[in-house]
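Below is one structure, written out as structure tokens; comments come after it.
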Protein chains: 2
Amino acid sequence: MLDGSDDMEDPVAGTKAADGKDQAGGSRGRRADAQRNVSAILEAAQELLSTDPTASMQEVARAAGVGRVTLYSHFGSRTELLDAVFTRVMAEADRALADVDLTGDEPQALARLVRSSWRIVQQSRLLLFAAQLELPQGQIREHHDRALERVESLIRRGRRNRTFRTDLPTSWLVTVFYSVIHGAADEINAGRLTVERAPNLITATLLSAFAPPVPAT
Amino acid sequence: MLDGSDDMEDPVAGTKAADGKDQAGGSRGRRADAQRNVSAILEAAQELLSTDPTASMQEVARAAGVGRVTLYSHFGSRTELLDAVFTRVMAEADRALADVDLTGDEPQALARLVRSSWRIVQQSRLLLFAAQLELPQGQIREHHDRALERVESLIRRGRRNRTFRTDLPTSWLVTVFYSVIHGAADEINAGRLTVERAPNLITATLLSAFAPPVPAT
DNA sequence: CGTAAGCCGTACAGCAGTGTACGACTTATG
DNA sequence: CATAAGTCGTACACTGCTGTACGGCTTACG
């Protein structure tokens with residue numbers, strides 16, 4: 001939103017902050033240490049905000065081993081930083097899920113998907129909380145939807161093959177997937193569920209919930 | 001909890017704020033208008049915080065038609081107010097759920113329970129968010145657990161009668177109950193689910209998830 | 001090896017919220 | 001109807017956070 005006008009009035013472009021926020025990629029004009037700092041900030045912010053969602057810019061800067069002013073030179077506002085961190089996490093998640101084999105038997109594919117997903121959700125639980133505090137909900141949902149696409153396509157396939165139920169809408173089943181995983185994450189955080197037992201419980205529950213209802217009774 | 005020391009150093013007791021916070025009951029020394037104000041504050045705070053979880057004391061006071069100072073004279077801090085509101089909501093919920101007939105066929109009882117529960121959850125979604133911002137998590141859980149007792153006892157009964165599955169722990173099934181309802185509430189808020197369809201989806205999902213797994217592959 | 005890009009700390013301005021103090025006014029209640 | 005309980009607005013002190021400005025120093029990079 002605020003980069004748009006900057007690009008217009010700065011014909012040289014890329015002087016300060018255009019597109020090279022992420023560590024990788026070809027930001028030619030940026031000095032190496034600047035790029036390193038941006039990475040350090042993003043990483044530190046991700047970890048810190050996942051612990052304390054209300055951490056201030058001051059604290060983020062300290063955690064990244066960087067001055068607060070430098071932090072502001074890279075991210076114009078708290079919201080901007082939060083958005084960048086959120087984007088980064090979702091990209092990470094997307095990369096992790098891309099490796100999951102979703103072919104073959106749907107229940108087993110679902111189990112694999114759960115096994116790869118739930119940890120990410122658990123770790124970025126509080127970060128989502130932080131995002132909800134100051135990011136427009138539309139933006140959050142947008143990021144989320146992209147990650148849930150894989151879930152949705154798997155469910156669709158299961159429905160076509162009659163492995164999964166078709167009496168409830170696909171979008172609802174996606175919601176159930178998401179909700180149960182989040183519920184498990186909360187339980188773990190509360191110390192009422194161990195990390196080891198979680199994936200099996202989640203998978204067993206989802207498979208029952210997704211199975212076609214038996215016509216009996 | 002935080003009134004404890006006040007009672008000690010004020011032998012007269014009941015002068016300002018001891019136990020008569022709620023509208024009903026026998027707070028002899030309190031003037032009638034004071035009691036009315038406390039009620040108005042609690043009601044307004046509940047409604048306002050359910051819309052904007054970050055509403056300030058100023059805004060709460062205005063919504064209650066009361067001066068900010070008066071608000072502070074009844075609730076010493078924001079946290080104290082929030083706790084009172086939270087307690088009130090849970091008490092309301094408890095009262096509503098007490099009317100639900102939990103006897104007889106477990107699936108039907110579960111359906112009735114869902115039908116009475118989910119609206120309350122949906123309406124106080126954001127209030128829970130507010131509570132998580134400044135109430136110790138232990139306190140929140142304590143309130144929650146009391147409300148979930150009914151769910152738990154119903155599930156236990158279903159397990160004894162082999163209507164519900166016993167291969168997953170009871171506490172986990174309670175979590176699933178809670179999570180699915182919350183998920184539905186979020187979907188409604190996002191405009192992706194209508195109020196009319198919600199209860200059926202929730203019930204159908206939970207019944208499948210709670211049903212004993214069929215030994216047939 | 002010079003220069004510009006980038007870093008740093010400090011300092012300042014602004015804002016918003018929390019709690020508290022005070023004095024005057026209003027109203028239940030006996 | 002007198003009095004104590006309660007309310008009201010205004011004002012103040014304090015805290016913590018955001019975002020910006022400035023000048024000096026370090027360092028990457030050609």
Side-chain angles (χ1 to χ4, degrees), chain A residues 1-2 6 10 12-18 20-21 23 26-41 44-45 48-49 52-83 130 133-135, chain B residues 2 6 10 12-18 20-21 23 26-41 44-45 48-49 52-84 130 133-135:
Chain A
M1 37 147 57
L2 46 96
D6 285 0
D10 190 358
V12 185
T15 324
K16 178 179 152 195
K21 287 270 171 70
Q23 71 277 27
S27 48
R28 304 167 283 225
R30 301 293 277 278
R31 244 171 59 174
D33 56 347
Q35 295 181 30
R36 243 182 297 123
N37 273 340
V38 171
S39 293
I41 290 171
L48 181 57
L49 291 174
D52 175 14
T54 67
S56 69
M57 293 295 263
Q58 178 71 273
E59 292 169 302
V60 171
R62 175 190 299 271
V66 148
R68 196 171 67 96
V69 180
T70 302
L71 172 52
Y72 270 106
S73 84
H74 289 301
F75 302 92
S77 71
R78 192 172 203 281
T79 302
E80 198 175 327
L81 171 64
L82 210 54
D83 184 53
L133 271 174
E134 31 196 334
L135 254 46
Chain B
L2 49 94
D6 285 359
D10 189 358
V12 184
T15 322
K16 179 180 151 197
K21 287 270 172 71
Q23 70 276 29
S27 47
R28 302 166 287 225
R30 302 294 277 279
R31 243 171 59 173
D33 56 346
Q35 295 181 31
R36 244 182 296 124
N37 274 341
V38 171
S39 293
I41 289 171
L48 182 57
L49 291 174
D52 175 13
T54 67
S56 69
M57 293 294 264
Q58 178 71 272
E59 293 170 301
V60 171
R62 175 191 300 272
V66 150
R68 197 172 66 97
V69 180
T70 303
L71 171 53
Y72 271 105
S73 84
H74 290 300
F75 302 93
S77 71
R78 194 173 199 281
T79 303
E80 198 175 327
L81 171 64
L82 211 54
D83 184 55
L133 270 173
E134 32 196 335
L135 253 48

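Naming convention: chains lettered A, B, ... in sequence-line order (proteins, then strands); numbering from 1 in each chain.
The phosphate of C:dC7 (OP1 or OP2) has a side-chain N or O of A:S73 nearer than 4.0 angstrom. In terms of phosphate contacts, A:T70 brings no side-chain nitrogen or oxygen within less than 4.0 Å of OP1 or OP2 of C:dC7. At the phosphate of C:dC7, OP1 or OP2 sits under 4.0 Å from a side-chain N or O atom of A:H74. Taking 4.0 angstrom as the limit, B:N37 places none of its side-chain polar atoms (N or O) nearer than this to OP1 or OP2 of D:dG6. The side chain of A:R78 contributes an N or O atom lying less than 4.0 Å from OP1 or OP2 of D:dT18.
A:Q58 places its CD atom 10 Å from the C1' atom of D:dC17, with the value rounded to the nearest Å. Following rounding to the nearest Å, B:D33 (CG) and D:dC8 (C1') show an atom-to-atom distance of 13 Å. Between B:L71 atom CG and C:dT18 atom P the separation is 9 Å, expressed in whole Å. Atom CG of B:L82 is separated from atom P of C:dG17 by 16 Å (rounded to the nearest Å). With rounding to whole Å, A:R62 atom CZ is found 17 Å from C:dC7 atom C1'. Atom OH of B:Y72 is separated from atom P of C:dG17 by 11 Å (rounded to the nearest Å). When rounded to the nearest whole Å, the span between CZ of A:R31 and C1' of D:dT26 equals 8 Å. Note: CZ (B:F75) to P (C:dT18) measures 15 Å, nearest angstrom.
Listed by chain and number, the residues in a salt bridge (charged side-chain N to carboxylate O under 4.0 Å, His left out) with A:D52 amount to none (sequence neighbours excluded).
In terms of polar N and O atoms assigned as donor or acceptor, the side chain of A:R68 comes within less than 3.5 Å of the base of D:dG19 in a complementary pairing.
Toward the 5' end of DNA chain C, the nearer of the two residues B:S56 and B:R36, judged by each one's closest nucleotide, is B:S56. Of the two residues contacting DNA chain C, namely B:E59 and B:A32, the nearest-nucleotide position lying further toward the 5' end is that of B:E59.
B:V38 has its side chain within reach of B:F75: a pair of non-hydrogen atoms, C-beta onward, lies under 4.5 Å apart.
With D:dG6, D:dC22, C:dT20 as the candidates, the nucleotide lying closest to the side chain of B:A34 is D:dG6. The side chain of A:M57 lies closest to D:dT18 when the candidates are D:dT18, D:dA28, C:dT18.
Of all heavy-atom pairs between B:Q58 and B:R68, the closest is CA-CD, 3.9 Å.
Rounding to the nearest 0.5 Å gives a distance of 6.0 Å between CG of B:L71 and CG of B:L81.
Counting only distance, with no hydrogens or angles, the side chain of A:E59 and the backbone of A:A55 share no donor-acceptor pair below 3.5 Å.
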